[in-house]
**Q** 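Following this message is one structure expressed as structure tokens.
Excluded from the calculations below are hydrogen atoms, water molecules and symmetry mates; all remaining heavy atoms, backbone and side chain alike, are included. Here the structure is a predicted model, which is why all the values come from computation and not from measurement. Position 1 is the first residue of the sequence, and the numbers go up from there.
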Amino acid sequence: MEITFWSRSGGSQAPVRNDVTWRPATAEDASDYARDIGTDSPTTFTARLRSGQACYLVVEGPRLLHATWASSEPVWMAETRRFVAPPRDDVYLFESFTRSEARGRGLFSFAVESISAASPGRKVWIAALDTNVASVRAIQRAGFAPAFRVRALRRLGFLRLGLPAEATAFFGGSAEGTGGP
């Protein structure tokens, strides 16, 4: 498995769309998030917001169509079985989800481009599995450039990461690592 980490500078002009709205989530969105996105209960959603993570939504009328989480603090990355930490003052985007009936409308690229525009003076990071062609295309459309690639090999219940030197800050300073099952 290969994961590419992408980056871009924040603070560009925000994209404009007339069919949907992009905005930061608040605790008042907890029930709608659970109903429309479904990856967190209202309690978990609210706890994540209180922990310092931010969630950004793409909304059409009363429905949430897309959500992307953002953090400047370490967050768990299931694909690597490790915490990843963006460099100081940078923003890491993760756990993006678009409702199935809303896919193909460019909502993911709209969301991450909007988050980037709202992050002046900061570098914005995002990662995607190389096999997730739709996400890779959306990330490219949003102006991100590849920064580095992580190779993950599962063998005998362990995960071994091949990290290039530029990735070590994200993964706690070691150039290679293993994770248990």
**Q** Tell me which donor-acceptor pairs under 3.5 Å the side chains of residues 109-116 have, and how far apart each pair is, sequence neighbours excluded?
**A**
unit_1, atom_1, unit_2, atom_2, d
S109, OG, G106, O, 3.2
S114, OG, F110, O, 2.8
S116, OG, V112, O, 2.9

**Q** Can you tell me how far apart OG1 (T46) and CG (D29) are? Round to the nearest 0.5 Å.
**A** 9.5 Å
**Q** Listed by chain and number, what are the ring-ring contact (aromatic ring centres under 6.0 Å, His included) partners of F97, not counting sequence neighbours?
**A** none
**Q** Examine Y56 and V91 and state if one hydrophobic cluster contains both, with Ile, Leu, Val, Met, Phe, Trp and Tyr joined whenever side-chain heavy atoms are less than 4.5 Å apart.
**A** yes
**Q** Is D40 reaching over with its side chain to a backbone N or O of F45, donor-acceptor style, under 3.5 angstrom?
**A** no
**Q** Taking the hydrophobic residues Ile, Leu, Val, Met, Phe, Trp and Tyr, and joining any pair whose side-chain heavy atoms are under 4.5 Å apart, which ones share a cluster with W76?
**A** F83
**Q** Rounded to the nearest 0.5 Å, how far does OG of S7 lie from CG of D90?
**A** 8.5 Å
**Q** Just wondering, more than 12 heavy atoms not from R23 lying within 6.0 Å of its CZ?
**A** yes
**Q** What's the separation between atom CD1 in I139 and atom OG in S96, rounded to the nearest 0.5 Å?
**A** 7.5 Å
**Q** When rounded to the nearest 0.5 angstrom, what distance separates OG1 in T4 from CZ in R151?
**A** 9.5 Å
**Q** On the 0 to 90° scale, with breaks at 30° and 60°, tag the H66-F108 ring pair as parallel, tilted or perpendicular.
**A** tilted
**Q** Classify the ring geometry between W125 and F170 as parallel (under 30°), tilted (30 to 60°) or perpendicular (over 60°).
**A** perpendicular
**Q** Run the salt-bridge test on R99 and E60 with the 4.0 Å N-O cut-off and return the result as yes or no.
**A** no
